[in-house]
Amino acid sequence: MSEENPSEIYKQRLQKLNKIKELGKNPYPNNYQKEYSTKEIKEKYFSTDEIEQSVLVKTAGRIFAKRPMGKAGFVHIQDEEGIIQVYANDKTLSSDEHEIFLNLDIGDIIGVEGEPFRTKTGEASLRAKVIDMLSKNISPIPVVKEKDGKIYDAFSDVETRYRQRYLDLIVNSSVRKNFILRSKIITEIRNFMNERKFLEVETPMMQSIASGAAAQPFKTHHNALNIPLYLRIAPELFLKRLLVGGVEKVYELNRNFRNEGISTKHNPEFTMMEVYQAYADYKDMMALVEDLFSYLAQKITGKDEVVYGEHTISLKKPWQQKTYLGIIKEKTGIDFNSYLADENPSVEEAKSKAKEIGVDVSKLNTFWEVVDEIFSEKVEPYLIQPVFITHYPKAVSPLAKNIPDNKHIVERFEPYIVGREMGNAFSELNDPFEQEKRFLEQVKMKEAGAHEIIEMDEDYIEALKVGMPPAGGLGIGIDRLVMLFTNASSIKDVILFPLLRPKLEK
RNA sequence: GAGAUGCUAGCUCAGUCGGUAGAGCAACUGCCUUUUAAGCAGUGGGUCCCGGGUUCGAGUCCCGGGCGUCUCACCA
């Protein structure tokens with residue numbers, strides 16, 4: 001609400017604000033020494049039938065419900081961990097504070113000193129002796145009511161919820177819980193990695209070449225050096241430089257930026273963990289993924305499974321393993337392995353096979369694009385329980401090592417859960433000459449019109465020439481992992497402030 | 001980027017055939033000193049997303065725009 005065109009409620013709140021000031025109180029005091037959270041009060045004073053009545057406990061929180069009755073009344077205050085009821089009347093409070101108490105609004109933040117007691121109905125409450133206004137609410141918050149677990153007038157407008165996430169957090173307790181859980185998951189991931197002696201590092205987010213993945217970068221400019229810079233699309237090539245530098249177990253858990261579409265599964269900035277381990281390969285990464293997910297399940301749900309939508313997902317290891325071409329054959333009957341004797345398998349034959357099973361590939365130009373389209377259409381949606389899809393085509397994996405004696409297939413896997421790719425891992429290519437050749441192939445594909453390829457990075461080739469130990473590497477999309485554990489259907493529900501187009505003021 | 005769909009009071013939503021704006025909660029006033037979706041009585045509150053058009057008259061019909069959501073496409 002603008003100050004030029006105030007609503008009725010806005011004007012009333014300003015009047016209340018002035019009234020508090022007239023009583024000689026500061027409606028926005030500098031500090032308040034909160035002694036207990038509402039949860040601690042309940043644990044300390046209400047866990048037994050006998051309640052110490054004579055003590056004064058001091059807490060603070062935001063009012064989200066009030067029930068005045070003549071000169072007395074109840075308010076419910078909420079803090080980060082819970083709620084507690086506060087009772088007051090004209091005898092428990094000084095006359096000034098009683099005046100303030102009667103005029104409290106839903107949304108006000110108050111401090112309370114009061115005696116613990118139970119009401120007739122048994123609810124844990126505080127009989128207020130002192131009330132302090134800590135922050136006067138001016139713009140009203142949505143009022144959500146609840147009875148018998150049923151929620152009335154839920155604050156549900158998604159746009160407002162995302163744009164004013166603070167309201168969402170105040171009013172929707174499940175939102176608050178999910179973001180606390182996100183933090184816990186990330187802490188547990190770090191615990192897991194650190195315990196296994198992986199070193200957490202921070203590599204550049206601003207890079208002069210945006211490589212390491214095939215995606216459109218955000219572009220910016222450094223004034224003093226007068227050079228273009230890109231927000232990283234992946235930390236991969238820097239982390240592998242660390243392998244060259246003798247760091248044997250390393251990870252980075254932080255933001256990547258991709259200048260691409262926004263959807264329920266994509267936000268332009270998203271969180272990724274990349275892991276590299278020297279003297280290991282993709283199979284070691286597979287074991288790491290299994291261990292990590294079942295560790296998280298134990299820590300978060302206490303079981304080795306998690307409920308997502310209508311599915312109960314068992315994260316118990318070992319997970320299933322299926323080869324990329326194998327599972328395509330399983331689901332569609334098409335055996336693309338039989339085409340691989342050729343150096344250049346026929347696009348036309350792949351296309352006619354795709355048409356037979358009703359997959360539209362009219363816009364695609366290469367054999368592997370056609371195969372991948374079939375995979376996305378006919379395989380991906382059915383990968384509900386955890387499965388490792390292995391043996392990816394080299395054509396789409398320019399940083400991965402070939403399977404020995406196979407020119408088309410690399411040592412790579414992607415873990416899938418609930419039809420979603422949860423990560424990507426491979427045996428890291430450490431042959432500088434082969435890597436250079438692969439980069440050049442990418443450059444050729446770009447010249448041929450591919451708009452997303454992995455950029456050549458000559459300095460990285462130079463690093464490989466110093467020698468990188470054989471290594472396994474892994475990337476895990478943290479937002480999607482959190483979605484799994486919080487049963488969220490949109491990535492916006494696990495990112496506090498998802499990107500929205502700014503709303504212009506008139 | 002394409003298609004579908006939505007935008008009305010602080011929140012959740014009605015609004016018929018085009019006739020000048022409604023409910024519940026919230027707010028305000030009065031009553032009410034253990035309530036809990038508190039209750040009872042009364043009152044106020046609107047840029048109907050924005051801009052055009054048609055019409056005597058538009059929340060409603062038409063055109064353009066904005067923002068969101070869903071699905072698809074790209075991607076993790």
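Below, read A as the first sequence line, B as the second, and so on, with proteins coming before strands; counting in each chain starts at 1.
Atom CZ of A:Arg258 is separated from atom P of B:rA76 by 5 Å (rounded to the nearest Å). Per the geometry, CG belonging to A:Asp157 stands 11 Å off C1' belonging to B:rC67, to the nearest Å. Distance CD1 (A:Ile83) to C1' (B:rA37): 13 Å, rounded to an integer number of Å. The CZ atom of A:Phe426 sits 11 Å away from the P atom of B:rA76 (whole-angstrom rounding). Across the protein-nucleic acid pair, A:Glu369 atom CD and B:rA73 atom P stand 15 Å apart, rounded to whole Å. A straight line from CG of A:Leu474 to P of B:rA76 spans 14 Å, rounded to a whole angstrom. Between the P atom of B:rU69 and the CG atom of A:Asp493 lies a distance of 10 Å, rounded to the nearest Å. We find that NZ of A:Lys120 is positioned 12 Å from P of B:rU33, with the value rounded to whole Å.
Note: A:Phe155 and A:Phe64 fail the aromatic proximity criterion, with ring centroids not under 6.0 Å apart. In this structure, the ring of A:Tyr295 has its center less than 6.0 angstrom from the ring center of A:Phe192.
Across every non-hydrogen atom of A:Ile77 and A:Thr38, the tightest pair is O-CG2, 4.4 Å.
For the residue pair A:Ser211 / A:Glu455, no side-chain donor-acceptor distance below 3.5 Å is found, with atom types taken as modelled. Side-chain N/O atoms of A:Tyr324 and A:Asp372 include a donor and acceptor closer than 3.5 Å.
Relative to the six-membered ring of A:Phe497, A:Arg165 misses at least one condition, a distance below 6.0 Å or an angle of at most 45° to the axis.
Between A:Ser125 and the choices A:Arg118, A:Gln85, A:His76, A:Glu115, the side chain to side chain donor-acceptor pair (under 3.5 Å) rule is met once, by A:Gln85.
Within the 4.0 angstrom heavy-atom criterion, base atoms lie near A:Lys91. Across all strands shown, A:Lys66 has heavy atoms under 4.0 Å from sugar-phosphate atoms exclusively, and none from any base. Using a 4.0 Å heavy-atom distance criterion, A:Arg163 is classed as a sugar-phosphate-only contact. Contact annotation for A:Thr264: backbone-only contact, meaning every heavy-atom pair under 4.0 Å involves sugar-phosphate atoms and none involves a base. Within the 4.0 angstrom heavy-atom criterion, base atoms lie near A:Arg127. Contacts of A:Ala213 with the nucleic acid, taken as non-hydrogen atoms under 4.0 Å apart, are absent. Note on A:Leu500: only backbone sugar-phosphate atoms sit closer than 4.0 angstrom, heavy atoms only; bases stay farther off. Among the protein residues, A:Gly70 comes within range of the nucleic acid bases, having at least one heavy atom under 4.0 Å from a base atom. Note on A:Phe155: only backbone sugar-phosphate atoms sit closer than 4.0 angstrom, heavy atoms only; bases stay farther off. Across all strands, A:Asn267 comes closer than 4.0 Å to base atoms (heavy-atom distances).
Residue order along RNA chain B, read from the 5' end via each residue's closest nucleotide, puts A:Gly122 first among A:Ser490 and A:Gly122.
In this model, the phosphate group of B:rA38 is approached by a side-chain N or O of A:Arg67 to a distance below 4.0 Å at OP1 or OP2.
Within residues 282-293 of chain A, no residue has a heavy atom under 4.0 Å from RNA chain B.
Salt bridge present: A:Asp105 and A:Lys136 bring a charged side-chain N and a carboxylate O closer than 4.0 Å. With salt bridges taken as basic N to acidic carboxylate O contacts below 4.0 Å, none links A:Asp493 and A:Arg182.
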Handout entry: Structure string for RNA chain B in dot-bracket form, Watson-Crick and G-U at under 3.5 Å, | interchain
Key = (((((((..((((.....[..)))).(((((.......))))).....(((((..]....))))))))))))....

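Proximity of A:Asp168 to A:Tyr166: side-chain heavy atoms (C-beta onward) are nowhere separated by under 4.5 Å.
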